[in-house]
Each structure stands twice: as C-alpha cells, then as structure tokens.
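Here is the structure we will look at.
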Amino acid sequence: MRIARFSIDGNVAFGAVEGDKQDELVLDIIKGIPFTDFELSGTKVPLSKVRLLPPVLPNKVVAYGRNYAEHAKELGNEVPDVPFAFFKPSTSVIGPGDAIQYPPFSQDLHHEAELAVVIGRLCREVPRERVADVIFGYTCANDVTARDVQKREKQWARAKGFDTSCPLGPWVETDLDLATASDLTVQLTVNGEQRQLGRTSEMIHSIEDLIVNISEAMTLLPGDVILTGTPAGVGPLNVGDEVAVTIEGIGTLTNKVVKRG
C-alpha cells in the first residue's frame, strides 16, 4: 500500500494511493493515522486535487554517510568499518514539489539520492531478526548537502541540516519486504539528465545493520526516518534546477531549487 500525507481545503490527512496511471491516481482517506490499526474511509479524492506533504513528520532523521564504496571514493573518503551516523533535524524535511532553498552560506550545493526507511513502531535495541517488524515502509529521499560547508567546518550539522535539506516522498510504500528493499534501483536526474544510478544491494552496511546500529543507542519512534546512504554520482545543484529521485517500486520525488529569500 502507498500511504500519502496531504492537505486539501486546509485539512491534513493520510490516504491510500490507488491507481496505476499518474493522471488517474486517487486517495482513499484513512481514518486516523497509519501507524496503528486503521480503516479506509471510502471517501476518495483525486491526487491532482490535493497538495502532497512530506509522507511523515519524523521526530528525527538518522542518516548514514559513506555507505556506498564508490560514493566514498568519489569524494576521496575511506569506507568506514562501522556505520557512520549523523542527524538531520525535523525542520529540514520538505515534501514532493516543495522548494529546496539554496542556503546563502554555501556556494556548492549537492544532491544525494537515498532510500529512506520509515519506522512504524516504538523500538529500542532491535535484534537483527526483528528489524522487519519495526519497519513501516520505504520512501525516496534527497540528502541535500552544502558540500563546501561540510568540508570547511569538518562536521555536518549546518551542511546537511539546513532548512529544506531533506526532501521526502512522494509517499511511503508499505508492501516492500526487507529482501526486496535491499536490491532496488536508485536514480537521480537534474533537469532530466541522469546523474546518479545505483542499487541498494551496493550498500556496505545493510538496512538491518543500520537499524541495529542506531537502536542500540536510542529509541526510535513511529515516523522516524533512516537515510541509508547515496550511490556515486553526487554533484552540484543550481538555482532553477529540477531534481528528481526515483526508486524502483516506490515512485519519484521531485523538487526545484530556488534562491532563499
């Protein structure tokens, strides 16, 4: 099931996305929230009539760096022996169609296409064999990065945590099992030109590794998001660019870069 979060006539709701053709998609409005047992209301609205929002509002976004060997290599970095985590604040999250605002303190903004894992239940110290039980679903993400700031400041809070640096969407796909999610095509285009192309099977540390790693340290809440790293091909974004992340079996997340202000 594809679960979207949307607004219509000033109201915000979740809905199940139905249909195959983009111009014929409809939303069956969900009663309540999707992290507990829920029912479909039977009230349906065309997707074209709503504004899609970030599919979840995470308490925290835990991201993992250098989790694809070729990406680490292209930036001159060594592959970490253990998962390398950092955070993006909830204020960095935007949805499909929202603008990525070019931060005024950077002159080298980069795209990073990533598979995002959405947590579905409160959990801590998750054993490897139970990882699938705590996953709600998967969505597309773009870990937008001020590369010059990242290099200059030697830590990543501002470089990867600025407002609008974490596009998520267009919805959460809940029907992918863990084995399938571990071998999906991830690609990114800028103005229609392909920049990144990889597979989640190329991850150094698996989805299981990442969730075990972070849940050893902290409690994960329903709606929290885990970013699993980016394949090679990262590169610059400029004001006016349209950047699209497409992940096999999930969909396409599209955003445009604008000047802040």
Side-chain angles (χ1 to χ4, degrees), residues 58 60-89 92-93 109-119 123 126-128 131-132 134-147 149-151 154-157 159-161 165-168 172-173 176-188 194-218 220 224-235 237 243 245-250 253:
K60 53 187 170 291
V61 177
V62 182
Y64 281 89
R66 303 170 187 169
N67 199 28
Y68 287 73
E70 290 303 309
H71 168 58
K73 181 180 178 181
E74 72 180 346
L75 295 182
N77 296 313
E78 295 184 359
V79 174
D81 293 331
V82 296
F84 179 75
F86 60 95
F87 292 97
K88 295 175 81 79
S92 70
V93 173
L109 197 66
H110 278 207
H111 56 75
E112 296 191 8
E114 310 208 6
L115 174 71
V117 182
V118 180
I119 299 299
C123 58
V126 181
R128 181 174 297 273
V131 165
V134 307
I135 295 174
F136 176 65
Y138 303 88
T139 192
C140 306
N142 192 347
D143 176 20
V144 184
T145 302
R147 192 71 69 198
V149 177
Q150 182 186 29
K151 293 176 181 178
K154 309 300 182 185
Q155 57 83 34
W156 300 359
K160 287 178 172 282
S165 67
C166 190
L168 296 175
V172 179
E173 175 56 72
L176 291 174
D177 61 28
L178 188 54
T180 303
S182 298
D183 189 21
L184 299 174
T185 300
V186 178
Q187 59 182 318
L188 180 143
Q194 184 173 285
R195 294 274 190 88
Q196 291 184 265
L197 179 63
R199 298 193 69 82
T200 56
S201 55
E202 299 167 3
M203 290 181 193
I204 299 164
H205 304 290
S206 68
I207 295 170
E208 294 99 319
D209 293 335
L210 304 183
I211 292 179
V212 168
N213 174 267
I214 197 61
S215 70
E216 287 177 338
M218 65 191 66
L220 300 176
D224 280 351
V225 170
I226 312 295
L227 303 189
T228 58
T230 192
V234 302
L237 291 170
V243 56
V245 178
T246 300
I247 300 182
E248 178 185 3
I250 298 175
L253 167 67

Over all atoms of both residues, closest heavy-atom pair of [X] and [Y]:
X      : Y      : result
Pro80  : Gly65  : CG-O, 4.3 Å
Ala232 : Gln196 : O-CG, 3.4 Å
Pro89  : Ser92  : O-OG, 2.6 Å
Ala113 : Val245 : CB-CG1, 3.8 Å
Leu188 : Asn142 : CD1-ND2, 4.2 Å
Leu253 : Pro167 : CD2-O, 3.5 Å

CD/Gln155: more than 12 non-hydrogen atoms of other groups inside 6.0 Å |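 For Gln155, atom CD is crowded (more than 12 foreign heavy atoms under 6.0 Å).
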
For Asp81, does the CG atom sit with more than 12 other heavy atoms under 6.0 Å from it, leaving out its own atoms?
->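 Counting neighbours around CG of Asp81, 12 or fewer heavy atoms of other residues, nucleotides or ligands fall under 6.0 Å, so no.
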
Within-4.5 Å side-chain heavy-atom neighbours: [X] and [Y]:
X      : Y      : answer
Leu210 : Asn67  : yes
Asp209 : Arg128 : yes
Thr228 : Met203 : yes
Thr139 : Val225 : no
Ile226 : Tyr138 : no

Side-chain donor or acceptor of [X] paired with backbone N/O of [Y] under 3.5 Å:
X      : Y      : answer
Thr200 : Asp183 : yes
Thr180 : Leu176 : no
Glu74  : Gly233 : yes
Thr246 : Gln187 : no
Thr185 : Glu248 : no
Lys60  : Phe87  : no

Salt bridge (Lys or Arg N to Asp or Glu O under 4.0 Å) involving Glu202 - partner list, sequence neighbours excluded =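 Partners of Glu202 under the salt bridge (Lys or Arg N to Asp or Glu O under 4.0 Å) test: none.
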
Go through Asn213 and His205 one step at a time and tell me if the side chain to side chain contact (heavy atoms under 4.5 Å, CB included) criterion holds.
-> CA-CA 10 Å; Asn213 174 267; His205 304 290; over 6 Å; no

What's the spacing between [X] [atom1] and [Y] [atom2] if we round to 0.5 Å?
X      : Y      : atom1 : atom2 : answer
Ile135 : Cys123 : CD1   : SG    : 9.5 Å
Leu220 : Ile211 : CG    : CD1   : 7.5 Å
Leu75  : Arg147 : CG    : CZ    : 5.0 Å
Ser215 : Asp224 : OG    : CG    : 11.5 Å
Asp143 : Phe86  : CG    : CZ    : 4.5 Å
Ile204 : His71  : CD1   : NE2   : 10.0 Å

Test log, rule side chain to side chain contact (heavy atoms under 4.5 Å, CB included), inputs Leu115 and Ile207 | CA-CA 10 Å; Leu115 174 71; Ile207 295 170; 4.0 Å; yes

Option from Lys160, His110, His111 for which side chain to side chain donor-acceptor pair (under 3.5 Å) with Thr145 holds =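 One option only clears the test, and that one is Lys160.
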
